[in-house]
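Heads up: the structure comes next, in structure tokens.
Below, all heavy atoms of this structure are taken into account, side chains as well, without hydrogens, waters or symmetry copies.
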Amino acid sequence: MRTTLTGIVAGLLASSMLVSAASAETLRWARQSDALTLDPHSQNQGVTHTFNHHIYETLLDRDVEGALQPRLATDWYVKEGDDTVWVFELREGVTFHGGEEFTAEDVVFSIERAKSENSNMRQLHADVASVTAVDDYTVEFQMNGPSPLYPNNVTNTFIMDKGWSEEHDLQSVQDFGAGEENYSVRNTNGTGPYVLTERDPDVRSVLNVNENWWGEAPAVTEIIYTPIADNATRVAALLSGEVDLVQDVPVQDIERLAGTAGVKVETGPENRTIYFGYAMDDEPLISSNITDENPFANPLVREAMNIVVDRDAIRQVVMRGQSIPTCVNMPPFVSGWTEELDACPPVDVERARELMAEAGYADGFSVTLDTPNDRYVNDEAISQAVVGMLGQIGIDVTLASRPVAQHSPLILNNETDFYLLGWGVPTFDSAYIFNDLVHTKTDDYGTYNIGLYSNPELDAKIVSLGTMTDLEARDQVVAEIWEQVQEDHVFLTVHVQMLAYAMRDDMTLAVHPENQPNMTTITFE
Amino acid sequence: MSEIVPLARKSRFARIIDSDIFYSYRRSPVAILASIVAAILILAAVLAPWISPYDPFNPRTLNLMDGFTKPMSESFAGNFFVMGADNQGRDVLSTILHGSRVSLFVGLSATLFAMTLGVGLGLVAGFRGGLTDAVIMRIADVQLSFPAILIALLIFGVARGLIPPSQQENTALMVLILAIGLSNWAQFARTVRGATMVERQKDYVSAARIMGVNPVLILIKHILPNVVGPVLVIATIGLALAIIEEATLSYLGVGVPPTQPSLGTLIRIGQQYLFSGEWWILFFPAMTLILLALSVNLLGDWLRDALNPKLR
Amino acid sequence: MLAFIIKRLGQSVLVMLVVALISFIMFRYVGDPVASLVSQEATMADQAQLRERLGLNDPVHEQFFRFLGNAVQGQFGISYRLQTPVSELILSRLPATLELAFTSVVIALTLGILLGVFTALNPKSWASAGIMAFSLVGVSLPTFLIGIGLIYIFAVELQWLPSFGRGQVVSLGGWWRTGFLTESGLRSIILPAITLSLFQMTLIMRLVRAEMMEVLRQDYIKFARARGLSKRAINFGHALKNTLVPVITITGLQLGSVIAFAIITETVFQWPGVGSLFVNSVAVVDVPVMAAYLMFIAFVFVVINLIVDILYYIVDPRLRVGGSARGT
């Protein structure tokens, strides 16, 4: 118990432990890695958010279908007469773990902190010009322009107590360059359903139920969270009954776990697509035997690749059925998704060979494929399977497999010809995909447009989406953009990956599309 | 020992070959068995392209739907796999044959590299003494204190940083050999240095020096033959270590790419299927690795005893 | 004496400098911490800004000297991944690794000496040949396979022992947390300790066997036999006693490498020590932690070596002439 908590929290905690001892239901929860930090605004990363959602709360969050639902805000709407202002009405009678009352001042403070220089959440609030407290329970967000979809961006921005934060100098977020530890990295004071009682990073964290929480008392009263990095060890821990819930289950172990007495597995699609990208500019490829032009720049080659990749075989063998094959780079949760876009042309190796010949590559060409091997479900095996499929039309692919820590720099520095990437869509809106993947690469847009696809006409449409308030017209533009993207084969999309949670069979927990399950939703038989 | 020095001109090596060694070999069933197993495995690896039933790296014959075919059964595409198929539909037997080839190539090259470097540095350190000796042996000390695997990881990392990403796959094998080789030279250097220091004090070396014989010549003609025995022992055991080290590096995901797998890569892939019932993907490569490392180790062990007259 | 110690100290400092340089170079080039620190949404401008703040744009030698200057004061900065001071992180993980290393050294010493003596005394027996062959199987198996195999048998199939972690720990005087005082702690250490000890055990067994066979050939043993001393007295009173000095020295020297060797064992068993901290840090290019870990291992090694050298110097006057001549 290295964790130093304030006296107030410790006192509260002692009393809550006494009470919960009566009907204690402890959940031992294991997953691959630990939350990076407890500072709510320092990292925009799924594992960290999932853990922090149990201690801190956001204005809004998503249910298991992906729909927005109220949390600390009870209502939200565009201000009448001014479409550049969002109004959030706040929940009354909520207190922080330290006993402080939750008010509009806390929201103003937290959003400003999330917008501050070292925050990793600032991009999501880039369009917020200012936040003001109208009264204790109403907050107005003045946007830079009309922002019809802004509420989608607040689902992972946690609210801290202003007084507590100022007392501990938490106005700014951890600065790695300064080399000093921020108090909030290991100490918490949220409004959430659980209170942190023990924290040993990478090893073990313990959460106990917050008796004063505004919501309905959860069935799980104590959470023991243990990260187990090794796949085999993690599965073994569940098989031997040492943990109750394993969140990151390797697909090949689902069958075995489902067949084990006392264990069950829940599966569901994640709001993330897995796709291959390629360099589409006119520069010759770095790793190819064709040195005077870029074969990928030819749309015929991209079309050939699209019809030679057997997504069903990948689903059946590599993913053990745990994927939804798709040919559009957008999960079904996202607005703008249609069945027509999603549908794949039949696999046709002969036609693909003809296309290659037509493009002038009857003898094929060579290229290196960069793939991560520890980031997405069976990422390396997917790439390996695609290497084999592309080999059938003469594309001789060398596979370069790396841990994600070495793969990401290649992507961010544009040092790759052909790569695998997964793309999550936290706003559940197509514009999020267009901004980063389709728009021409500039300082503010196209950060992950590694293939350097560029279409000025689309760029203009993409930018216009940000401020369109007529949702019907907006949907129309979104559809137009997708049509062009599909026609140009900007992505070689493979599938939407499935998530699997394995657990004791007397409990129920649904798979969350953003892989952020909330333990308050667990019920026991 | 020193009385027979004049005869050393007739080369110590010839004497090792003709007499005791073969006698000892014939008398040791373990050595005979180990050498047979090692020979079969090595031969199979060398001949892999000709004897393996399938070409696991030809995309045109590969069918993903063959994935996870059980041993001794017919696959989706009508192929027959004696040891089953792996997660990519490749024949496990064929991948093992090709994988052993990669493992052995890396192991042998790395050991040769380590031996050349270690013997050379050991000779120089022992012969020159002084500062040269201190510097070389301190570096050797540092290396010996770190597990070889950590050093190999370091070297691998540095090399990765220096080579542009687009060239990394073509150079992966070379880097691996370099990393394993550089992490194993110290043992050779230590042994050779010790022997050289002893030898250097002896009268015949002083005599040769006074007569103005080139020091390099003294090293090669007089001192080197004296250290062949121990070097051979370290090399054999080093080979087994190098093979395991390669496997561990590949297991950690920093070795050869999965499209040209070594035994370690095959084990890393197979390990994922430990709980799901596809045991053959892990079992056969693991057994091959163990057999290979064990037989080479046994040979080295026997060689050590055979070359050490005190133990006979 | 003083000159010798100063010379050795100088060499040790040099070694540390070299290790510092190597660890710095490696971490300067492996991966890119910025890529793992920024989020999916971060723009190019955000990334450039973070790079600047981390000092990654400064000239390389300036970064190195800054690194050295801080390292001397035990300052390795803040972990990029866990955002806590690195020195604190390593200190908090150290007890787990030391307890694991200690337990496995005890297992390795006990079994290694017993088996070594047995095989030396009965060199021709089948049991000895079996033990020797088995020990080679142990060395021929990669550590990760042994660990996974043990987990599969003892945790999953038989469910006798835990598969991961340290079990319940008890805090001793502030920062040292021990698993030795609880039942679950003791049960948890068995599998990883066995896995880690296997390699050292083989080493010690072979060393004991070789040394003992050598000693048994010495004249004084022959005299002792001639004098009619009991076999027991000869074997354990004289032979083993003379064998143990080099064995204990080597074991001491190996302690550093046991700690470093624990990396893979700790990863497989999710043992919360410095080794698994290192591996977790490598995965996300957490430069400060990796650099500190390497420096820490080098430091342990240098200190152990320095102590051994000085002890040897005191014990063995012959070494006063010619530098270090210890061999393994």
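Annotation for C:Ala155 and A:Ser240: closest pair O-CB, 3.3 Å, computed over non-hydrogen atoms.
With a 4.5 Å cut-off on non-hydrogen atoms, A:Arg234 does not touch chain C at all. Only the side chain of C:Arg93 comes within contact range of chain A, with heavy atoms under 4.5 Å apart. Contact annotation for A:Thr226: only side-chain heavy atoms (C-beta onward) come within less than 4.5 Å of a heavy atom of chain C. With a 4.5 Å cut-off on non-hydrogen atoms, C:Thr267 touches chain A through its backbone but not through its side chain. For A:Val235, no part lies under 4.5 angstrom from a heavy atom of chain C.
Without hydrogens or angle criteria, A:Glu242 side chain to C:Pro162 main chain gives no donor-acceptor distance under 3.5 Å.
By the neighbour-count criterion of 12 heavy atoms within 6.0 Å, atom OH of A:Tyr150 is densely surrounded, having more than that number from other residues, nucleotides or ligands. Summarising the local packing, OH of A:Tyr376 is surrounded by more than 12 heavy atoms from other residues, nucleotides or ligands at distances under 6.0 Å.
Taking A:Leu238, A:Asp230, A:Val203 one by one and counting their heavy-atom pairs under 4.5 Å with chain C, the maximum is reached by A:Val203. Comparing C:Pro85, C:Gly147, C:Gly165 by how many heavy-atom pairs each has under 4.5 Å with chain A, the most go to C:Pro85. If you tally non-hydrogen atom pairs under 4.5 Å between each of A:Asn435, A:Thr233, A:Leu239 and chain C, the highest count goes to A:Thr233.
Here the CG-OG distance, from A:Asp202 to C:Ser92, works out to 9.5 Å after rounding to the nearest 0.5 Å.
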